[in-house]
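Some notes on the structure that comes next.
These numbers come from the heavy atoms of this one structure, side chains and all, not from hydrogens, waters or symmetry mates. By convention in this document, chain letters (A, B, ...) are assigned in the order of the sequence lines, proteins followed by strands, and residues within each chain are numbered from 1.
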Amino acid sequence: MTGGRDLLISAGTASGKSEAAWLPMCSILARRREEDALARGVGAMVISPLKALINDQYGRLSELCERLELPVHRWHGDVASCRKSSLLRRPTGVLLITPESLESLFINHSDGIAGLLRALSWIVIDELHSFVGSARGAQLQSLLHRVEVLLGRRVPRVALSATLGDVASAARFLRPQDAQSVAIVSGTDGTDEIRLQVRGYVVPTPPVTAPAEPDDAARRTGSGGTGQDSVPSEIAQIADHLFRTLRERDNLVFANSRAAVETYAELLARRSREERIRTEFLAHHGSLAKDLREHVEARLRDSSTPVTAVCTSTLELGIDVGSVQAIAQIGSPLTVSSLRQRLGRSGRRPGTPAVLRVYVTEPQASDDVPPPDALRGELFQTVAMVELLLSAWYEPPHTAGLHLSTLIQQVLSVLAQRGGARAGELFDLLCGDGGFAGIGPSVFAQLLRDLGRHDLVRQEADGLLLPGARGEAHLNHYSFYAAFQTSQDHRLVAQGRTLGTMPVERPLAPGTLLVFGGRRWRVLAVDVEHRVIELVPSEGGGQPPSFPGNGSETADEVRRTMRSLYLSPEVPRYLDPVARDLLREGREVFHRFGHSRQQVFGWHEDALLFPWAGDRVMNTLLVVLARHGLSAGQDGLCLTVRGVSPLALWELIRDLAVSPQPDPVELATGVRVRARDKYDCYLGQELLSLAYAARALDVPGTWEVLSQVASLPPPAPQLLPRAW
DNA sequence: GACCTGCTGCGGGATG
């Protein structure tokens, strides 16, 4: 750590990698302070993605540094401002900070930041994988470069991470201009033994004459329950198994949505009260109020009573929750990396195995089941992800994004920091060899023109750029510092206490029943102006709110692995008997309908295309088909192309495969909704297409799929319905 | 099908 080189430490959860970085750093800083009593300034800055992680580490690091008499400081939104000003007056020791707070230092303490950081010897980035590829990661890269420009020298960067699928791309993220010089230290995984089971459940088909059932989507997320009696049987069965296996221990149950968390937490908590057992079942997700979440975390750390948290990815990163016995995952994992993180939350004590149970539901086989469901896609996706996990493969980050929205934020930030700047100066600092090195001068000039049109920036007669009126408005609001977008939600209040927030698209009528925080409530009143919903406890049923979401992207490698699982005769040992049956059924359907020889099929009036590729290729296919006047949508594993024969679709694919690949940006102009990130609304049509193409299209990957499909024999007309 | 993260300055009041 003395050589001034950048360092990437990749090691399993709970392997002590934080300490590996801290120990040498602290002893060097302590020695240096003895040698040079005048050395003033923060010696090391640790950048962390979560306030909760900073608070955890503040305790551990303070203990470590106490005997060295090396002060440790934390700086985030919950830290009192008097502590911040006292650090600015007397900067020393180690500083723990979030990217957003570092951003605010540049804007609100533009005079003090150079003095604060002038003695900086290292920048440590914790949980690097949580930044790579995102808007927040682009912001972090830009801030790292701005710190070095401010100090006029290179500052060694040390990054820590657990699930890096691709160490080379992590090194590129850490030091974009000089990735090959990054030293890499890889440790083995913390877990020696994994006990794993995948359990299958069959969703019964409702009788044809039954009254209106909750729609299919609601059933799948588990949000369809309206009371004890109407809980769908597969949800009741899964809850029953969770209850029996998890009672009397500390566990984490991961569900894929906040609505599913609420459903299972409420079912399990009610059962626990009814049977009067000690185990607490508590809900934990991002819309719950902070004090309720902290209560759950404290209950998990307290080893005197058993607690099981039902949660979303909120408990995925390294927040200390003590020792957890087992992990349950309801539904197929969303990504292999997140499955790895979740698994790493158990088996943290030496000699104790990590325990993981995955619960998968599939519809009952019948004549009406659409082909993708008959293939048992949920189960095959789960098995594919488990196999990839066991082979230590993780999703490579998507680093092609241009992050123009974040560049807009950085332009405004630099204008505020420096009190104005010239266009060339901005370009050199932010693009050039800065965080947005992929952006050329012409795109940057276009971006500035777009910003001028919206009054985010304005130009003086001498060419100096300043924030415009709307730019000032953004800069003066505290929401400016985060690079990511957040929505404005309604606050849920019961008996004077805030439970959390929920989005409300249609106003909730008083009297509506609701499940939230793992309990049942009735809406008493709605204050539209102040966006407050008042609740009272209720004995009735109710559903969790529907939360909006963007979803995640399934990788090419996952879909390729799924296809090879259909072709393989092997039955993994970790499947329970129902899951084995489902695996056998899926393979039988795959072969019966000729999926090994064909990728285009007929289904009623439509044609189905199975690309066996990731979501970015699936999306590109949709855009290409739309350009040829075809209306299509994605149904899990396949694209449904409406009102066209399979032969006609195959012929189109055959022609496309030999035609030149279209320009992605030109292709993107046909897409209606292209804005996604915080400041995308200020981009003109041209840059919106450029950003969309970089983020959401994979033309070469798509043309590989088209050639593959074209190389197969033409499909028989309407094969699927008749053979069904 | 649908995860998560973060931020300021100021005024008012309670506490040491």
request  = Give a yes or no on this: more than 12 heavy atoms of other residues, nucleotides or ligands lie within 6.0 Å of atom CZ of A:Arg695.
outcome  = yes
task = Answer yes or no: does atom CZ of A:Arg83 have more than 12 heavy-atom neighbours from other residues, nucleotides or ligands under 6.0 Å?
result = no
Looking for any heavy atom pair under 4.0 Å, which part of the strands does [X] touch: base, sugar-phosphate only, or nothing?
| X | answer |
| --- | --- |
| A:Ser479 | base |
| A:Asn108 | sugar-phosphate |
| A:Lys678 | nothing |
| A:Ser130 | nothing |
| A:His477 | nothing |

Check the distance between [N]'s [atom2] and [X]'s [atom1] and give it to me in whole angstrom.
| X | N | atom1 | atom2 | value |
| --- | --- | --- | --- | --- |
| A:Arg345 | B:dC3 | CZ | P | 19 Å |
| A:Lys51 | B:dT5 | NZ | C1' | 10 Å |
| A:Gln634 | B:dA2 | CD | C1' | 13 Å |
| A:Glu297 | B:dC4 | CD | P | 13 Å |
| A:Glu378 | B:dG1 | CD | C1' | 9 Å |
| A:Gln485 | B:dA2 | CD | P | 21 Å |
| A:Arg136 | B:dT5 | CZ | C1' | 4 Å |
| A:Phe131 | B:dG6 | CZ | C1' | 10 Å |

query = Would you say A:Phe484 stacks on B:dT5, if stacking means ring centres under 5.5 Å apart and planes within less than 30 degrees?
reply = yes
Between [X] and [N], is there a contact of a side-chain N or O with OP1 or OP2 at under 4.0 Å?
| X | N | value |
| --- | --- | --- |
| A:Ser104 | B:dT8 | yes |
| A:Arg258 | B:dC3 | yes |
| A:Arg342 | B:dC3 | no |

Candidates [options] - which lies nearest the side chain of [X]:
| X | options | value |
| --- | --- | --- |
| A:Ser313 | B:dT8, B:dC3, B:dA2 | B:dC3 |
| A:Lys84 | B:dT5, B:dC3, B:dT8 | B:dT8 |
| A:Ser257 | B:dG1, B:dC3, B:dT5 | B:dC3 |

key: Given DNA chain B, 5'-ward residue of the pair A:Thr312 and A:His76, judged by closest heavy atom   = A:Thr312
request  = Answer yes when A:Glu100 and A:Arg136 have at least one side-chain N-carboxylate O distance shorter than 4.0 Å, and no when they do not.
outcome  = yes
task = State plainly whether the residues A:Asp680 and A:Arg674 are in salt-bridge range, i.e. N to O under 4.0 Å.
result = no
ask   = Would A:Phe173 and A:Phe131 count as a close aromatic pair, with their ring centres under 6.0 Å?
value = no
ask   = Would A:His73 and A:Tyr58 count as a ring pair (Phe, Tyr, Trp, His ring centres under 6.0 Å) if you check the C-alpha gap in whole Å, the side-chain angles of each, and the deciding distance to 0.1 Å?
value = CA-CA 7 Å; A:His73 311 275; A:Tyr58 176 72; 8.5 Å; no
